[in-house]
Number of protein chains: 2
Amino acid sequence: MKSKPARGRPREYDPEEALAAALGEFRRRGYTATSLDHLSEATNMARPSLYAAFGNKFEIYRKAVRQYSEQSAEQRLHALFEEPSLQKGLEDYFSAIIDAYFSREGSPLGCPVLSVISGEAAADPVIGAELAAAVERSDSLLQRRMAIAAEAGEISPDADVRGLAAMLAALQHSLALRARAGARRPELSAIAHAHVALVLKAAGYGGVTMHG
Amino acid sequence: MKSKPARGRPREYDPEEALAAALGEFRRRGYTATSLDHLSEATNMARPSLYAAFGNKFEIYRKAVRQYSEQSAEQRLHALFEEPSLQKGLEDYFSAIIDAYFSREGSPLGCPVLSVISGEAAADPVIGAELAAAVERSDSLLQRRMAIAAEAGEISPDADVRGLAAMLAALQHSLALRARAGARRPELSAIAHAHVALVLKAAGYGGVTMHG
DNA sequence: TTCATTTTGTACCGTTTCGCAAGAAATGAA
DNA sequence: TTCATTTCTTGCGAAACGGTACAAAATGAA
């Protein structure tokens with residue numbers, strides 16, 4: 001159902017590439033400040049083609065984010081739920097996040113959701129719901145991981161699972177913001193490393209094992 | 001130098017009120033999505049009056065933020081540096097922040113800096129610098145407070161001061177984002193409370209004193 | 001009254017915004 | 001060749017954008 005030659009004039013763009021290029025514009029400029037002309041230029045598609053292919057501006061944004069999420073979800077989920085060590089799992093999780101925030105050419109683009117639609121979220125209920133859903137997803141993932149760790153005895157059994165998960169989510173939010181504010185990659189890595197270490201310490205991870 | 005009647009036609013607006021109203025618009029809509037017409041309506045000032053009084057759009061934003069910062073800085077600094085207990089100081093600090101994020105009418109407006117210009121920060125260097133400066137200010141304050149605590153023996157003397165401060169900053173960033181995503185006030189208060197408690201635990205605050 | 005000064009209101013500038021209509025171009029099928 | 005189909009290109013249109021020119025209105029000073 002993919003390499004069907006179809007009937008009419010063949011399209012000259014690759015939908016996947018186009019959505020990636022569109023997302024790049026949104027990440028650089030923010031949602032409102034990105035115009036259809038910007039998207040048109042970045043994707044090498046005329047505006048009518050954009051509409052025909054993806055819909056209006058918000059639909060373009062949503063489809064671009066969905067593609068990005070699906071592409072980057074795999075490694076994050078792997079780090080969280082298939083890496084046996086909680087510490088390594090969290091380190092890899094945030095490492096993947098930092099990679100994504102710096103994707104391509106080193107210019108820090110930040111999170112395509114948290115950093116891009118945060119400004120519009122309070123005024124536009126649809127955008128607000130999108131932001132809330134993204135926050136909720138991360139919370140849920142991290143809570144599940146910490147609950148598993150508590151049950152498996154990796155952390156103190158009476159640890160505050162929700163509180164710990166919220167702290168890890170806070171790290172994610174902070175990384176997104178700092179990337180947006182121009183922080184360099186090593187700085188973010190150091191922050192993530194220290195943050196995870198302190199959260200694990202507060203969680204009673206691995207007894208007293210801490211090298212610092 | 002204030003109640004000078006001046007010479008020409010008396011102005012019909014109060015600059016302080018006008019800036020507060022303008023900031024409200026920016027917080028609701030985000031920076032780019034707020035037009036001069038929105039500001040004009042919210043302030044009851046004609047656009048030319050806005051220009052004459054405050055300058056262009058970005059200048060209006062900056063002056064509004066500056067006024068907000070100056071008004072809310074006092075209580076935060078008091079909580080951080082004049083409250084003897086580190087725990088109570090931090091609780092009050094974040095309590096004040098949550099108050100500010102929900103200021104007026106209960107609609108969660110979020111942080112006028114972090115949540116409003118985050119989208120545009122990567123594209124506009126001036127806005128980017130504004131965001132970076134705001135992040136830097138919080139980092140600096142929290143680092144100073146934790147350094148004092150370490151020196152005074154309130155927390156473990158070999159505690160990772162920078163790491164702990166970064167975790168507290170992350171809480172601030174997370175609160176801003178969650179407010180923007182529609183979280184309710186009690187939820188934010190609970191998150192802040194748990195986060196501070198866990199940070200203090202990781203810092204070795206007060207030996208082993210923890211009620212949970 | 002008259003004048004200088006300051007603010008206000010109206011009206012406009014050129015540009016950019018999102019969105020779409022309509023026809024040209026390129027293909028497979030008949 | 002001819003036709004149906006799909007995509008691309010050109011160009012438009014109504015509205016909104018940031019910003020400003022200019023004159024009317026309101027004051028203190030002379």
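Chain naming here is simple, since letters A, B, ... match the order of the sequence lines and numbering starts at 1 in each.
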Do any side-chain nitrogens or oxygens of B:Arg11 fall under 4.0 Å of OP1 or OP2 in C:dT7? yes

Let me know the distance between CG of B:Asp124 and P of D:dG18, rounded to the nearest Å. 14 Å

Between C1' on C:dG9 and CD on B:Glu12, what's the gap in Å once rounded to a whole number? 10 Å

With no hydrogens and no angle check, do the side chains of A:His78 and A:Glu83 hold a donor and an acceptor under 3.5 Å apart? no

Tell me yes or no: between the side chains of A:Gln172 and A:Ser138, is some donor less than 3.5 Å from an acceptor? yes

Around atom CD of B:Glu82, are there more than 12 heavy atoms from other residues, nucleotides or ligands closer than 6.0 Å? yes

Let me know the distance between NE2 of B:His38 and P of D:dA15, rounded to the nearest Å. 16 Å

Expressed in angstrom and rounded to an integer, what is the separation of B:Tyr51 atom OH from C:dC13 atom P? 17 Å

Closest heavy-atom pair and its distance - A:Ala42, A:Glu25: CB-CG, 3.4 Å

Less than 4.0 angstrom between a side-chain N/O of A:Ser35 and OP1 or OP2 of C:dT16, yes or no? no

Output the rounded distance in Å from CD (B:Glu25) to P (D:dC17). 12 Å

When you match B:Asp37 and A:Tyr13 each to their closest nucleotide on DNA chain D, which lands nearer the 5' end? A:Tyr13

For a quick check of understanding: with a heavy-atom distance under 4.0 Å over all strands, which category does A:Thr34 fall into, base, sugar-phosphate or nothing? sugar-phosphate

Distance below 4.0 Å between A:Ser49 side-chain N/O and D:dT7 OP1 or OP2: no

In whole Å, what is the span from the CE atom of B:Met45 to the P atom of C:dT8? 6 Å

Rounded to whole angstroms, how far apart are CZ on A:Arg47 and P on C:dG19? 10 Å

